[in-house]
Asker: 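The structure's right below; bear with me while I get my questions together.
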Amino acid sequence: LTLEERLASYVVEGTKEGLIPDLDEALKKYSALEVINGPLMKGMEEVGRLFNNNELIVAEVLQSAEVMKASVAHLEQFMEKDETSVKGKIILATVKGDVHDIGKNLVEIILSNNGYQIINLGIKVPPEQIIEAYRKEKADAIGLSGLLVKSAQQMVVTAQDMRNAGIDAPILVGGAALTRKFTKTRISPEYDGLVLYAKDAMDGLDIANKLVD
Ligand code: B1M
């Protein structure tokens, strides 16, 4: 197997044996983020495909998730850091009913490496908790992540609850459950502030930078 194929296969097989030396090898060729977005994400996509075909069980997907998390944890130290003063404060949450957090945590790393203070509320976060945190932290924006089809609907509910609570801070949304179109036609009409869709973590950073400028 090539180095890239090996990296994808650690994720697919859910094994960490040999992972770290291969990640270090890959860093000679690629940036940390390229390793994540390239071979590791390719492995995750394959996991999703196999899971969909009932060729993997949840316990196996969890092991794949562990490999992805360990890889991101190792690669984080090699990511570019912008040491400038705090640009803004952003709340992050995976919406109610959804446990997927690898993408959200990647967004946290990218944003905090680039001057943002992140309040990460974790997974399965109900709207009330987001509203409470927003008020307590006086955040500049709220980031919602969701990977399940039902999470897209949950974002609509979350936006309604936030509007009812009188909040109109910008909302950044992302995760495989969403599309730009869904964001525009379903979430935005339920909210008074801006609702912006990010296709990946770097896109999330670009949008956050535009918001604070
Ligand atoms: Co789940 N799962 N899962 N799963 N899982 C999916 C999402 C699924 C598509 C797999 C499939 O069937 N093909 C499917 C959803 C189907 C649907 O609703 N249409 C699914 C399912 C069905 C389920 C369960 C229901 C399975 C079950 O129990 N029967 C269950 C749900 C539990 C729940 O949430 N209530 C479940 C559970 C799990 C595990 C716990 C085993 C594990 C998650 C572990 C964890 O996160 N700690 C897991 C995993 C790993 C996946 C797949 C395989 C991979 C997800 C992932 O981590 N990708 C996934 C299939 C797939 O997506 N290919 C699948 C890597 C990650 C970096 O990408 O999160 O998309 P992602 O983030 C991207 C962008 O989306 C974006 O930036 C990142 C890249 O830079 N982004 C944002 C994300 N959030 C953002 C927020 C932003 C901006 C950008 O701003 C705020």
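Remember, it's 1-based here, ligands and their atoms both numbered in the order they're listed. Numbers here are sequence positions counted from 1.
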Asker: For ligand 1, which atoms sit closer than 4.0 Å to a heavy atom of V99?
Answerer: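 Counting from 1, the qualifying ligand atoms are 32 (C), 33 (C), 34 (O), 40 (C), 46 (O).
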Asker: Measure across V125 and L121 and return the closest heavy-atom pair with its distance rounded to 0.1 Å.
Answerer: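 Smallest interatomic distance, heavy atoms only, reads CG2-O, 3.5 Å.
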Asker: Can you tell me if R49 contacts ligand 1 (heavy atom of the residue under 4.0 Å from the ligand)?
Answerer: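 The answer is no, since R49 has no heavy atom less than 4.0 Å from ligand 1.
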Asker: Among L111, D82, L172, which one satisfies side-chain contact (heavy atoms from CB on, under 4.5 Å) with L205?
Answerer: L111
Asker: Determine, using heavy atoms of G97 and all atoms of ligand 1, whether some pair is separated by less than 4.0 Å.
Answerer: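 Contact present.
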Asker: Between D101 and K69, is the closest basic N to carboxylate O distance under 4.0 Å?
Answerer: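 Yes.
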Asker: Among protein heavy atoms, which lies nearest atom 79 (C) of ligand 1, and at what distance?
Answerer: D200 CB, 3.8 Å
Asker: Please answer whether the main-chain N or O of G175 pairs with a side-chain N or O of S145 as donor and acceptor at a distance below 3.5 Å.
Answerer: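 No; judged by distance alone, with no hydrogens or angles, the pair does not exist.
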Asker: D101 versus ligand 1: do any nitrogen or oxygen atoms come within less than 3.5 Å of each other?
Answerer: yes
Asker: Just to confirm my output: which protein heavy-atom neighbour is closest to atom 55 (C) of ligand 1, and how far is it?
Answerer: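 Answer, as residue, atom name and distance: L147 CD2, 3.6 Å.
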Asker: For ligand 1, which part of V107 has a heavy atom less than 4.0 Å away: the side chain, the backbone, both, or neither?
Answerer: side chain
Asker: Quick check on contacts: which atoms of ligand 1 are under 4.0 angstrom from a heavy atom of L106?
Answerer: 80 (O)
Asker: What residue and heavy atom of the protein are closest to atom 90 (O) of ligand 1, and at what distance?
Answerer: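 The closest heavy atom on the protein side is L172 CG, 3.7 Å.
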Asker: Rounded at 0.5 Å granularity, tell me how far CG in L92 sits from CG in N105.
Answerer: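 That separation rounds to 8.5 Å.
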Asker: Heavy-atom contacts under 4.0 Å between A201 and ligand 1: side chain, backbone, both, or neither?
Answerer: both
Asker: Taking 4.0 angstrom as the limit and counting only heavy atoms of A176, give me the atoms of ligand 1 inside it, by number and element.
Answerer: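 In order of numbering, the contacting atoms are 75 (O).
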Asker: With respect to atom 86 (C) of ligand 1, which of G174, A208, G103 exhibits the smallest heavy-atom separation?
Answerer: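 Minimum heavy-atom distance to atom 86 (C) of ligand 1 goes to G174.
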Asker: Write out the residue and atom name of the closest protein heavy atom to atom 13 (N) of ligand 1, then the distance separating them to 0.1 Å.
Answerer: G48 O, 3.0 Å
Asker: What's the separation between atom CZ in R180 and atom NZ in K199, rounded to the nearest 0.5 Å?
Answerer: 7.5 Å
Asker: Does any N or O in the side chain of Y197 come within less than 3.5 Å of the main-chain N or O of F182, such that one atom is a donor and the other an acceptor?
Answerer: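 No: the side chain of Y197 does not pair with the backbone of F182.
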Asker: Within the structure, does G143 bring an N/O atom to less than 3.5 angstrom of an N/O atom in ligand 1?
Answerer: no
Asker: Just going by heavy-atom distances, which of K104, H100, M41 is nearest to atom 3 (N) of ligand 1?
Answerer: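 Selected option, by shortest heavy-atom distance: H100.
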Asker: How many angstroms lie between atom CE of M68 and atom CG of L19, to the nearest 0.5 angstrom?
Answerer: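 Nearest 0.5 Å value for the CE-CG distance: 11.0 Å.
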Asker: For atom 16 (C) of ligand 1, which protein heavy atom lies nearest, and how many Å away is it?
Answerer: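 Scanning the protein heavy atoms, the shortest distance from atom 16 (C) of ligand 1 goes to L148 CD2, 4.5 Å.
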Asker: Can you list the atoms of ligand 1 that are under 4.0 Å from a heavy atom of K199?
Answerer: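 Selected atoms, number and element: 74 (C), 76 (C).
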Asker: Atom OH in Y134, atom NZ in K89: separation rounded to 0.5 Å?
Answerer: 11.0 Å
Asker: So if I count the atoms of ligand 1 from 1 in the order they appear, which ones are less than 4.0 Å from some heavy atom of A65?
Answerer: 44 (C)
Asker: Suppose we measure from atom 12 (O) of ligand 1 to each protein heavy atom; which comes out shortest, and what is that distance?
Answerer: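 Among all protein heavy atoms, the one nearest atom 12 (O) of ligand 1 is N52 OD1, 3.5 Å.
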Asker: Would you mind listing which atoms of ligand 1 come within a distance below 4.0 Å of any non-hydrogen atom of M44?
Answerer: 50 (C), 54 (C), 57 (O), 58 (N), 63 (N), 65 (C)
Asker: Using a 3.5 Å distance criterion without hydrogens, assess whether the side chain of D98 forms a donor-acceptor pair with backbone atoms of L147.
Answerer: yes
Asker: About how many Å separate CD1 of I91 and CZ of R135, when rounded to the nearest 0.5 Å?
Answerer: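 Atom-to-atom, R135:CZ and I91:CD1 are 11.0 Å apart.
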Asker: Could you tell me whether atom 8 (C) of ligand 1 has a protein heavy atom closer than 4.0 Å?
Answerer: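 Protein heavy atom within 4.0 Å of atom 8 (C) of ligand 1: absent.
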Asker: Counting only heavy atoms not in E5, do more than 12 sit closer than 6.0 Å to its CD atom?
Answerer: yes
Asker: Check contact between G175 and ligand 1, using heavy atoms of the residue and a distance below 4.0 angstrom.
Answerer: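 True for this residue.
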Asker: Does some non-hydrogen atom of the protein lie less than 4.0 angstrom from atom 49 (C) of ligand 1?
Answerer: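 At least one protein heavy atom is under 4.0 Å away.
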Asker: Do other residues, nucleotides or ligands put more than 12 heavy atoms under 6.0 Å from E55 CD?
Answerer: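 Above 12, so yes.
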Asker: Distance only, no hydrogens: is a donor on one side chain within 3.5 Å (strictly under) of an acceptor on the other, for N209 and Y116?
Answerer: yes
Asker: Heavy-atom count check: over 12 atoms from other residues, nucleotides or ligands less than 6.0 Å from K42 NZ?
Answerer: no
Asker: State whether the shortest distance between N or O atoms of V149 and N or O atoms of ligand 1 falls below 3.5 angstrom.
Answerer: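 Min N/O separation from ligand 1 is below 3.5 Å for V149.
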Asker: Mind checking whether E190 and M155 have side chains closer than 4.5 Å, heavy atoms only?
Answerer: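 No, their side chains stay 4.5 Å or more apart.
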Asker: Got a second to check how far L50's CG is from I57's CD1, nearest 0.5 Å?
Answerer: 13.0 Å
Asker: Apply side chain to side chain contact (heavy atoms under 4.5 Å, CB included) to residues Q77 and H74 and explain how you reach the verdict.
Answerer: CA-CA 7 Å; Q77 60 188 308; H74 181 71; 3.6 Å; yes
Asker: Do protein heavy atoms approach atom 82 (C) of ligand 1 to less than 4.0 Å?
Answerer: yes
Asker: Does T158 reach the side chain of K96, with side-chain heavy atoms less than 4.5 Å apart?
Answerer: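 Answer no - side chains too far apart.
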Asker: Considering only protein heavy atoms, which is closest to atom 10 (C) of ligand 1, and at what distance to one decimal place?
Answerer: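 Answer, as residue, atom name and distance: F51 CD2, 3.7 Å.
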Asker: Give the numbers and elements of all ligand 1 atoms closer than 4.0 Å to a heavy atom of A198.
Answerer: 88 (C), 89 (C)
Asker: For M202 and ligand 1, answer yes if some heavy atom of the residue is under 4.0 Å from a ligand atom, otherwise no.
Answerer: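 The answer is no, since M202 has no heavy atom less than 4.0 Å from ligand 1.
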Asker: May I ask you to check whether S145 has an N/O atom sitting below 3.5 Å from an N/O atom of ligand 1?
Answerer: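 Yes, there is a polar N/O contact under 3.5 Å.
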Asker: Any non-hydrogen protein atom below 4.0 Å of atom 59 (C) of ligand 1?
Answerer: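 False for atom 59 (C) of ligand 1.
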Asker: Give the contacting part of K124 toward ligand 1: side chain, backbone, both or neither, where contact means a heavy-atom distance below 4.0 Å.
Answerer: neither
Asker: Where's the contact between L144 and ligand 1, heavy-atom distance under 4.0 Å: side chain, backbone, both or neither?
Answerer: backbone
Asker: Quick check on contacts: which atoms of ligand 1 are under 4.0 angstrom from a heavy atom of V58?
Answerer: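 By the 4.0 Å cutoff, the relevant atoms are 27 (C), 28 (O), 41 (C).
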